[in-house]
Student: 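This is the structure I have questions about; it appears just below.
Everything quoted here is computed from the prediction, not taken from an experiment.
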Amino acid sequence: MKCAVIVFPASNCDRDAHDAIMHVTGTPPQMVWHGDSEVPDVDLIVLPGGFSYGDYLRCGAMAAHSRIMTDIRRKAGEGVAVLGICNGFQILTEAGLLPGTLMRNAGLKFVCRPVELVVDESQSLFTRNYSRGERVTFPVAHGEGNYFASDDVLDRLEAEGRVAFRYAEGENPNGSARNIAGILNEKRNVLGLMPHPERACDPLLGSVSGRAMFQSLLEKLS
Amino acid sequence: MRARVFVTLKPGVLDPQGKAIGHALNSLGFKSVGDVRQGKVIDLELAETDREKASASLRDMCEKLLANTVIEKYDIELRS
Amino acid sequence: MRARVFVTLKPGVLDPQGKAIGHALNSLGFKSVGDVRQGKVIDLELAETDREKASASLRDMCEKLLANTVIEKYDIELRS
Amino acid sequence: MIPNNIAAHGLSADEYARIQQLLGRDPNLVELGIFSVMWSEHCSYKSTRAHLRRLPVTGPQVIQGPGENAGVVDIGDGDVVVFKMESHNHPSFIEPYQGAATGVGGIMRDVFTMGARPVAMMNALRFGAPDHEKTRHLVSGVVAGIGGYGNCMGVPTVGGEVNFHSAYNGNILVNAMCVGLARRDRIFKSAAKGIGNPVVYVGSKTGRDGIHGATMASAEFSEDSEEKRPTVQVGDPFTEKLLLEACLELMSTDAIIAIQDMGAAGLTSSSAEMAGKGGTGIDLDLDRVPQRENDMTAYEMMLSESQERMLMVLKPGREGVAETIFRKWELDFAVIGKTTGTGRMIVRHKGAVVADIPVNALSDEAPVYQRPFTAKSSPARTPVEIDPGRDIAESLLKLLACPDLCSRRWIWEQYDYSVMTDSVQPPGGDAAVVRVHGTNKALAITTDVTPRYCRADPFEGAKQAVAEAWRNLTAVGASPLAVTDNLNFGNPERPETMGEIVRCIDGIAEACRALSFPVVSGNCSLYNETGGEPILPTPAIGGVGLMDDVAREASIGFKRNGDVLILIGEARGELGQSLYLREIESREDGPPPRVDLAVEKRNGDFVRALIRSGRTNTVHDLSDGGLLIAIAEMAIAGGLGAMLDLPDRAAPFLFGEDQARYVIAAAPDAAETVLSDAAAHGVPAIRIGKCDGDRLIITGRLSIPVARMRSAHESWLPSFMAGDPASRAGLAAS
Ligand SMILES: Nc1ncnc2c1ncn2[C@@H]1O[C@H](COP(=O)(O)OP(=O)(O)O)[C@@H](O)[C@H]1O
Ligand SMILES: [Mg+2]
């Protein structure tokens with residue numbers, strides 16, 4: 001599997017994403033600068049977490065206009081897998097590649113902790129190595145992860161099986177609508193999620209449940 | 001030319017922060033405070049003298065960057 | 001009564017957000033944009049009909065909670 | 001020069017006379033400003049310098065001791081750890097969010113200036129009494145500010161400490177520590193060498209931020225409009241993140257001769273220090289300095305404390321390489337001067353020379369004082385009287401929920417502690433454990449001091465701070481390496497306060513020497529007093545240790561039913577200055593616990609060996625609150641109870657804060673070996689019970705569900721903070 005991790009100004013989980021992918025798949029991803037006009041020919045594009053452009057104005061808003069995004073939009077349209085984690089998820093919604101938006105946490109504070117998630121949809125490139133209803137633990141670390149969309153959009157996401165992950169009952173760290181933690185696009189080749197699977201790939205760090213996501217991708221995309 | 005852009009949440013979109021401010025004000029003793037909503041104000045200097053052109057350009061900025069039209073609306077005020 | 005409170009950074013105080021927005025607008029092709037500063041706007045409903053009293057109370061709210069007067073200033077606008 | 005103006009610049013008449021003598025004339029206003037900041041307590045350490053010389057600063061592991069931007073310690077394989085702690089107390093009191101945020105930014109720059117990538121942040125915080133009107137507001141702002149900056153930088157904040165005490169009502173303490181990693185052969189220093197080399201300014205533009213308070217009073221500014229007032233520094237972590245990446249990128253080339261961050265007194269201190277250390281002169285042209293505001297004066301530019309800026313001396317001809325990198329990261333870049341052979345700092349503005357000062361007048365000639373002091377004698381070691389009839393369960397629950405002992409989760413969950421995927425032990429344990437990326441090694445990090453001990457007995461208290469840091473590192477299985485300190489005190493011109501400073505330094509020196517735990521960097525923050533009320537003497541100790549095998553780490557949580565609990569170390573029942581006395585008996589008196597450094601070392605070395613040999617992976621050191629609190633914390637962390645069988649059930653045994661002690665849990669067969677080994681090493685060790693069920697039980701005296709202890713421990717801080725309207729409204733991060 002060939003993979004690229006995009007580096008925006010003040011991305012800060014780019015190295016973590018790189019290492020998790022390298023660790024699970026054995027191949028180092030290419031690091032691609034936001035100012036480039038083209039992503040190399042890869043099977044998976046990762047938009048990592050961080051504070052692109054300081055999260056100023058709105059999280060992900062400025063990164064969504066980076067030069068590289070034009071090509072990402074095109075490649076996503078052609079079916080290349082795109083994974084947006086945390087700030088990457090915010091960028092994907094700002095870029096219109098995923099519906100809805102991420103608002104400030106209901107508790108109005110940044111929150112960092114491991115949270116329990118329920119895999120709500122295992123029929124996707126990203127989640128096929130999980131089973132539906134499986135519980136996994138990924139850390140969250142964000143100030144604006146409160147997923148919001150109109151009721152129609154939420155109904156549609158649910159009806160089409162596009163809610164990939166939900167926070168387990170009582171675990172919602174940010175007030176997100178219908179406990180949504182991660183969603184797929186219509187063609188199911190784009191996933192955005194607030195929790196960090198790349199921080200859950202090493203037993204020393206408390207959870208390895210993120211590995212299955214990278215393994216799913218590896219098996220499907222190789 | 002100077003311009004001020006207001007970016008506020010659309011009616012109906014929940015504003016947890018505004019609500020929290022309202023609560024905080026009530027508990028500080030400002031009992032007359034009802035609904036509170038918070039938005040952004042962006043002040044810009046523009047090297048543009050034509051008001052029409054400035055307006056059009058500001059609208060464009062709002063659509064492209066300054067507002068997230070999924071949840072926000074914007075208003076533009078030209079000054080001087 | 002409805003009121004709008006503007007909370008903006010005092011002149012001279014660094015505004016990293018405004019700076020980044022200006023930068024982003026320039027690189028989106030809005031070359032006429034110069035200095036940009038960002039602030040907050042807070043819309044409140046008040047169960048108060050006396051304008052004087054409303055103003056005084058709003059000023060008090062700003063001093064106590066809405067503005068951080070070490071770095072921010074505020075302006076109050078009464079509407080309707 | 002008008003006497004008023006001299007005083008407003010914080011200079012004494014004698015100091016001014018000395019300046020006239022050094023210059024051979026009267027200084028102009030710009031020069032006066034430059035002297036005032038360079039000769040300030042903050043930059044010159046004039047009250048403490050003579051005493052700091054007594055600290056041990058060397059050791060086989062030390063590569064760079066005090067004197068550079070941060071200390072550097074060898075961790076093997078060509079890797080080094082670079083660290084320092086620094087205070088941002090006063091700014092955080094004025095504007096808690098920005099004060100704390102820029103404190104974090106400042107200490108990170110100190111570390112990456114040395115060529116290190118920051119890998120962990122710590123914060124040692126002291127606030128006023130919980131019921132003081134400002135406390136909540138300050139807590140919420142400071143915590144949000146630390147998180148706001150550190151989180152954006154993508155450097156995990158992995159631990160710290162927090163105390164509440166009325167002595168900090170008017171002077172909170174915000175001490176931030178940054179730990180970074182570098183390669184031994186890629187360390188950067190600040191001595192400007194060579195003549196004619198370009199001096200380069202990078203980072204953010206210069207504004208009127210945080211200009212020395214003196215400017216407010218000085219003549220030139222008296223008629224200035226509101227717009228021109230110096231302002232509070234606002235942090236821009238986004239720019240700092242770019243600056244970090246750009247600097248590290250440039251450091252991988254060979255372009256840099258010297259580099260220095262612009263911290264307090266910005267351009268002045270960075271240029272004077274670089275030239276001073278390099279033995280060169282320096283010429284600066286202020287017209288080339290990137291400026292954020294119109295019409296800035298030379299005085300303002302030289303004294304501005306705008307954040308996120310660096311000064312570098314480059315090899316001639318490498319300006320282009322550097323500029324390309326900084327432009328790529330969209331940062332300002334300007335050649336603003338050059339090194340010279342004149343030994344003078346010459347500043348030009350609008351074509352005129354506005355300052356011309358011999359560089360050594362600013363550094364070597366800065367005043368050093370032997371201030372008079374009165375040293376307090378140690379309090380008498382008479383037994384502390386207490387009410388013997390109190391209910392243990394009630395005391396335990398009250399202590400677990402008290403402001404100084406309750407869980408700090410409300411704080412650390414606002415910090416991204418898991419970014420960089422090396423935080424093997426997140427906040428909540430004795431020391432944070434951070435893996436050295438891509439290796440099996442790990443760093444252990446802690447910050448400690450018990451100010452109430454230091455007030456009662458500065459010498460013993462300071463020894464205790466070092467001993468506790470050393471013990472916390474040991475408790476996770478690390479070998480303590482070295483220390484950074486942050487000496488926070490009141491006004492040194494008062495003999496009693498100066499006595500606290502002197503005795504605390506003596507205590508640190510003695511403990512660091514005895515434990516082979518040298519001081520490699522540090523910071524002093526004096527004049528922390530309001531209305532004649534000084535803070536408690538607070539010499540915060542930041543300790544760093546090394547683990548060769550990260551898999552062999554111990555943590556505090558109970559892990560298995562049936563594990564045997566062993567108390568290591570002798571219990572004398574020392575209740576003087578204990579939290580038990582303060583919280584249960586409402587008294588702050590008596591002598592603090594004795595610190596026997598030889599015993600500390602012996603017991604600690606024994607425990608570390610147990611961890612390394614795999615006999616235990618459950619260890620907690622005993623400190624605030626004593627034995628029963630430690631056991632309760634272990635039970636809460638592990639979600640597992642214990643059945644205790646204690647030789648003594650009186651409060652002094654249960655809650656005494658005797659030093660050099662640990663509780664460990666070991667499997668039954670390992671426990672036998674531990675006890676016999678201890679006997680062989682002369683280490684006191686007794687069996688005190690076993691892990692069991694979901695309650696903490698002392699038969700006949702106490703039986704409390706772990707869940708009940710947890711809720712007592714977890715609820716105080718969140719409910720306390722819920723009383724802050726600004727925090728609840730999310731306005732702390734304005
Ligand atoms: N300001 C803070 N930021 C992050 N973590 C903190 C802070 N204060 C305390 N902690 C964490 O809470 C735990 C308990 O702190 P403390 O009681 O001071 O530990 P100890 O007594 O072992 O020194 C530690 O893991 C510490 O790192
Ligand atoms: Mg401890």
Side-chain angles (χ1 to χ4, degrees), chain B residues 1-11 13 15 17-51 53-67 72-75 77-79, chain C residues 1-11 13 15 17-51 53-67 72-75 77-79:
Chain B
M1 175 155 355
R2 291 187 309 125
R4 175 163 263 190
V5 172
F6 297 90
V7 180
T8 49
L9 286 172
K10 288 183 178 164
V13 174
D15 176 12
Q17 175 133 28
K19 215 159 117 188
I21 294 173
H23 272 299
L25 287 172
N26 286 155
S27 70
L28 281 174
F30 298 102
K31 300 292 179 201
S32 72
V33 174
D35 203 36
V36 177
R37 313 243 330 145
Q38 181 178 315
K40 284 180 248 200
V41 49
I42 300 165
D43 291 313
L44 307 96
E45 306 260 5
L46 292 181
E48 173 66 74
T49 46
D50 183 312
R51 297 180 69 87
K53 282 199 195 139
S55 273
S57 160
L58 284 162
R59 264 196 305 279
D60 203 15
M61 291 180 213
C62 287
E63 291 286 339
K64 284 218 179 95
L65 183 72
L66 300 180
E72 294 170 330
K73 63 189 178 55
Y74 56 85
D75 292 291
E77 212 177 86
L78 289 180
R79 329 176 113 193
Chain C
M1 172 158 352
R2 291 190 308 125
R4 176 163 263 194
V5 171
F6 298 91
V7 180
T8 49
L9 285 170
K10 290 182 177 169
V13 174
D15 178 11
Q17 302 230 41
K19 192 173 103 187
I21 294 169
H23 210 83
L25 288 172
N26 287 155
S27 58
L28 278 175
F30 298 102
K31 300 292 180 200
S32 72
V33 174
D35 202 37
V36 177
R37 314 259 306 160
Q38 180 177 322
K40 283 184 265 201
V41 50
I42 300 164
D43 291 313
L44 306 97
E45 304 263 5
L46 291 181
E48 172 66 73
T49 47
D50 182 311
R51 296 179 69 86
K53 282 199 194 139
S55 273
S57 162
L58 285 162
R59 263 197 304 280
D60 203 17
M61 291 178 211
C62 287
E63 292 286 339
K64 288 216 176 96
L65 184 77
L66 301 179
E72 293 171 332
K73 62 187 177 60
Y74 56 86
D75 292 291
E77 215 177 85
L78 289 180
R79 330 177 111 193

Student: Among B:Glu48, B:Gln17, B:Gln38, B:Lys64, which residue forms the greatest number of heavy-atom pairs with chain C at distances under 4.5 Å?
Tutor: B:Gln38
Student: Any non-hydrogen side-chain atom of B:Lys40 less than 4.5 Å from a side-chain atom of C:Ile21?
Tutor: no
Student: Identify all side-chain donor-acceptor contacts of residues 24-36 of chain C below 3.5 Å with residues at least two apart in sequence or on another chain.
Tutor:
from: C:Asn26; atom 1: ND2; to: C:Phe30; atom 2: O; distance (Å): 3.0
from: C:Asn26; atom 1: ND2; to: C:Val33; atom 2: O; distance (Å): 3.2
from: C:Ser27; atom 1: OG; to: C:His23; atom 2: O; distance (Å): 3.2
from: C:Ser27; atom 1: OG; to: C:Ala24; atom 2: O; distance (Å): 3.2
from: C:Lys31; atom 1: NZ; to: C:Asn26; atom 2: O; distance (Å): 3.2

Student: Step by step, would you call C:Val41 with B:Arg4 a side chain to side chain contact (heavy atoms under 4.5 Å, CB included)?
Tutor: CA-CA 11 Å; C:Val41 50; B:Arg4 175 163 263 190; over 6 Å; no
Student: Answer with side chain, backbone, both or neither: which region of C:Leu66 has an atom nearer than 4.5 Å to a non-hydrogen atom of chain B?
Tutor: side chain
Student: Suppose we screen for ring-ring contact (aromatic ring centres under 6.0 Å, His included). Which residues come up paired with B:Tyr74, at least two apart in sequence or across chains?
Tutor: none
Student: For B:Lys10, does the NZ atom have more than 12 heavy-atom neighbours from other residues, nucleotides or ligands under 6.0 Å away?
Tutor: yes
Student: Between B:Arg2 and chain C, with a heavy-atom cut-off of 4.5 Å, which part of the residue counts as in contact: side chain, backbone, both or neither?
Tutor: neither
